[in-house]
Amino acid sequence: MKYSALKGVHDILPPDIYIWQKAESTAKEIFSAYGFQEIRVPIIESTDIFVRSIGETTDIVEKEMYTFPDRADRSITLRPEGTAPVVRSYIENHLYNLPSPQKFFYSGPMFRYERPQKGRFRQFYQIGVEAFGAAEPKLDAEIISMLKIFFERLQMKELKFEVNSIGCEKCRPDYKKALMNFFSSKVTDLCPDCNRRYINNPLRILDCKSSICTELRKGSPKITDYLCNECKSHFEEFLSLLNILHITYNINPHMVRGLDYYTRTTFEITSEYLGAQKTVAAGGRYDKLVEEFGGPPTSAIGFAIGMERLVEIIKNVNPGFCIPAPKVFIAAIGKKANAEGLLIAEQLRAKDIQAELGYDSASLKSQLRRADKLGSNYVFIIGDDELKSGMVKWKNLKDGSQGEIGIASISEFEGLYR
RNA sequence: GUGAGUGUAGCUCAAUGGUCAGAGCAUUGGACUGUGGCUCCAAGGGUUGGGGGUUCGAGUCCCCUCACUCACCCCA
């Protein structure tokens, strides 16, 4: 094989592509019903946009970005996530002058230079939403509900909703201090990774998978006990609204987000159908980011759905999901009949009926075989006899019934409209 | 970046170091001249990932390399 796709990138082919299209159209429908409007932002941005928002010491920025100099030696980065470009756009286009809240959704490829594994790729697709200018927990709950309805519409099952609050710049330092205090006597027993985390980001010790650390963190202080009054009432209101909306969730005080900009509400939706990378959607509030980017103080919240992971789940819970089949297959024998068949197909297609033709003067047998494999509902058969009589034979491939219909009235054939 | 596993036909997989590397599925054709699915028959399809070594003999053993997969890390 001379050429192959680069590591961690992939082609999306039929039949999978139909799942993608369905997921994308469903997202557009449902998010629109919630007042989210589509926004399209560039795939390349100035590198510092991501460094500022995601955080200088995060793995994404330190070792996973596709960063390169352009011809004028500016540092350019292929977007590793969608929030930063949308925030940049929100500020640059003065969208904060429009009535609040402003709600957007986006979809498209993201790029991270990682070792690929199940559910993780170097080019991967996300559908995400961002809402600016509403601090109320009502919006947080609404967004979770929207996600739930989106997943239900795609007939997805057995998803776990996990929520947490990671506080704000007022209360999180206190919690961090308490946490470091708790672990200070045990640092040397923690796994090597957690020794590093203790210095860089002690919150990360909370979701370490090592059995040693799982044991050692028993009885560790919970973030939810350290929230300031404002964060606490925000979280409680959020939870009570989830209850009112009949959303089943799990409070996971160990859930931490990997990007620096999150505040208060965070959430993750996971599925057992995925591998180790089991998060299919995640997000949270980022009430300080717009201001840090040079915009006016603006609360915001958003999430992103991992498309490859979403599609993987759908394939597991619902194999054979919405694969379209031609309504009618036209089998023609002979040159004149083939021309007539082409005309008939064009008439039907003009009425948005999917019509497929046989090619390469294949035998009637092989044309029928192909019609069957494509899953066609009906076959029209045209040969010399039919041309002479002006009547075309039709056959229902699902039940085997047959009949005749005049060539002129084919587009009124009732089987095509069932 | 680290670790483990796997590379044989389009796909899923066989083949004790020993004949010409096989099977199922898929594809194409035939049985059935103009009627699909089921059945039967046949055909096409391979640099055994690549390179080197050991051996009378390597798909099989050794080394190097590449690719893929899974996991760690991290994240959607």
Side-chain angles (χ1 to χ4, degrees), chain A residues 1-8 10 54-55 57-65 79-83 107-129 147 191-194 196-197 200-201 204 207-210 255-259 262 267-271 274-284 302-313 329 331-334 337 358 360-386 393-402:
Chain A
M1 192 96 58
K2 197 165 181 189
Y3 298 111
S4 57
L6 296 176
K7 186 192 279 286
H10 54 111
I54 299 169
T57 60
T58 57
D59 275 28
I60 294 180
V61 167
E62 278 184 340
K63 50 192 190 199
E64 294 176 1
M65 294 205 304
R79 63 183 185 196
E81 58 105 41
T83 300
S107 82
M110 308 295 165
F111 303 84
R112 291 180 201 173
Y113 193 86
E114 298 183 274
R115 276 289 275 279
Q117 71 183 80
K118 192 176 174 73
R120 195 174 71 181
F121 311 94
R122 290 187 172 178
Q123 175 176 342
F124 60 102
Y125 291 76
Q126 290 188 336
I127 292 182
V129 314
L147 262 172
C191 74
D193 283 326
C194 283
R196 183 172 49 77
R197 291 179 180 122
N200 293 343
N201 192 350
R204 287 232 147 265
D207 64 358
C208 178
K209 288 170 196 161
S210 134
M255 189 181 71
V256 210
R257 307 271 58 233
L259 287 69
Y262 285 111
F267 53 90
E268 244 179 67
I269 295 150
T270 59
S271 164
L274 301 172
Q277 315 299 322
K278 62 188 177 134
T279 303
V280 63
F303 67 74
I305 303 168
M307 286 295 288
E308 286 81 0
R309 296 179 188 180
L310 179 77
V311 169
E312 177 70 20
I313 299 171
F329 186 98
I333 307 125
D360 298 327
S361 38
S363 67
L364 180 63
K365 177 199 267 307
S366 69
Q367 293 191 57
L368 280 165
R369 197 155 39 215
R370 193 162 87 86
D372 184 57
K373 281 194 182 116
L374 291 170
S376 320
N377 288 329
Y378 287 92
V379 180
F380 289 151
I381 300 168
I382 316 170
D384 291 340
D385 298 348
E386 286 77 11
K393 295 217 172 71
W394 61 263
K395 177 164 186 167
N396 181 330
L397 289 185
K398 305 297 175 198
D399 65 15
S401 60
Q402 301 196 47

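All values reported here derive from a predicted model rather than from experimental measurement.
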Span that lies between the [atom1] atom of [M] and that of [N], in whole angstrom:
N     : M     : atom1 : answer
B/G46 : B/A4  : P     : 36 Å
B/U8  : B/A67 : C1'   : 15 Å
B/C13 : B/A21 : C1'   : 13 Å
B/C56 : B/C64 : P     : 24 Å
B/C62 : B/A23 : C1'   : 31 Å
B/G37 : B/C25 : P     : 15 Å

Give the minimum heavy-atom separation between [X] and [Y], together with the two atoms involved.
X        : Y        : answer
A/Arg122 : A/Pro116 : NE-CD, 4.4 Å
A/Ser271 : A/Ile313 : CB-CD1, 3.4 Å
A/Ile60  : A/Met65  : O-CG, 3.1 Å

#### Entry: Polar pair under 3.5 Å, donor/acceptor by atom type, side chain A/Gln367, base B/U35
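By the distance-only test, no, there is no pair.
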
Reckon [X] touches a base, only the sugar-phosphate, or nothing at all at heavy-atom distances under 4.0 Å?
X        : result
A/Gly275 : sugar-phosphate
A/Glu268 : nothing
A/Lys118 : sugar-phosphate
A/Gly283 : nothing
A/Ala276 : sugar-phosphate
A/Phe121 : base
A/Arg370 : nothing
A/Lys7   : sugar-phosphate

Proximal nucleotide (of [options]) relative to the [X] side chain:
X        : options             : result
A/Arg197 : B/C74, B/G34, B/G36 : B/C74
A/Leu397 : B/C73, B/G36, B/G3  : B/G36
A/Gln117 : B/G36, B/G34, B/C70 : B/C70

### Interatomic distance, A/Phe303 CZ vs B/A76 P [rounded to whole Å]
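So the CZ-P distance, A/Phe303 to B/A76, works out to 13 Å.
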
### Query
Quick one: A/Leu6 CG to B/A67 C1', roughly how many Å, whole number?
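These atoms are roughly 13 Å apart.
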
### Query
Would you find a donor on one side and an acceptor on the other, under 3.5 Å apart, between the side chain of A/Arg115 and the backbone of A/Gly8?
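Side chain of A/Arg115 to backbone of A/Gly8, a donor-acceptor pair under 3.5 Å: no, none is there.
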
### Task
Verify, without hydrogens or angle tests, whether A/Glu308 (side chain) and A/Tyr125 (backbone) share a donor-acceptor contact under 3.5 angstrom.
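Flag set: sc A/Glu308 to bb A/Tyr125 pair under 3.5 Å.
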
### Query
With sequence neighbours left out, what residues match A/Glu386 under side chain to side chain contact (heavy atoms under 4.5 Å, CB included)?
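A/Glu386 satisfies side chain to side chain contact (heavy atoms under 4.5 Å, CB included) with A/Ile382, A/Lys393 only.
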
### Pairwise 5' ranking along RNA chain B for A/Ser366 and A/Gly119, keeping only the more 5' one
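Closer to the 5' end of RNA chain B: A/Ser366.
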
### Task
Could you say whether A/Tyr262 or A/Lys373 is positioned toward the 5' end of RNA chain B, judged by the nucleotide with the nearest heavy atom to each?
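That would be A/Lys373.
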
### Secondary-structure string, 5' to 3', Watson-Crick or G-U under 3.5 Å, | for another-strand partners, for RNA chain B
(((((((..((((....[...)))).(((((.......))))).....(((((..]....))))))))))))....

### Task
Could you label the plane-to-plane angle of the A/His10 and A/Phe121 rings as parallel, tilted or perpendicular, counting under 30° as parallel and over 60° as perpendicular?
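Plane angle between 30° and 60°, so tilted.
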
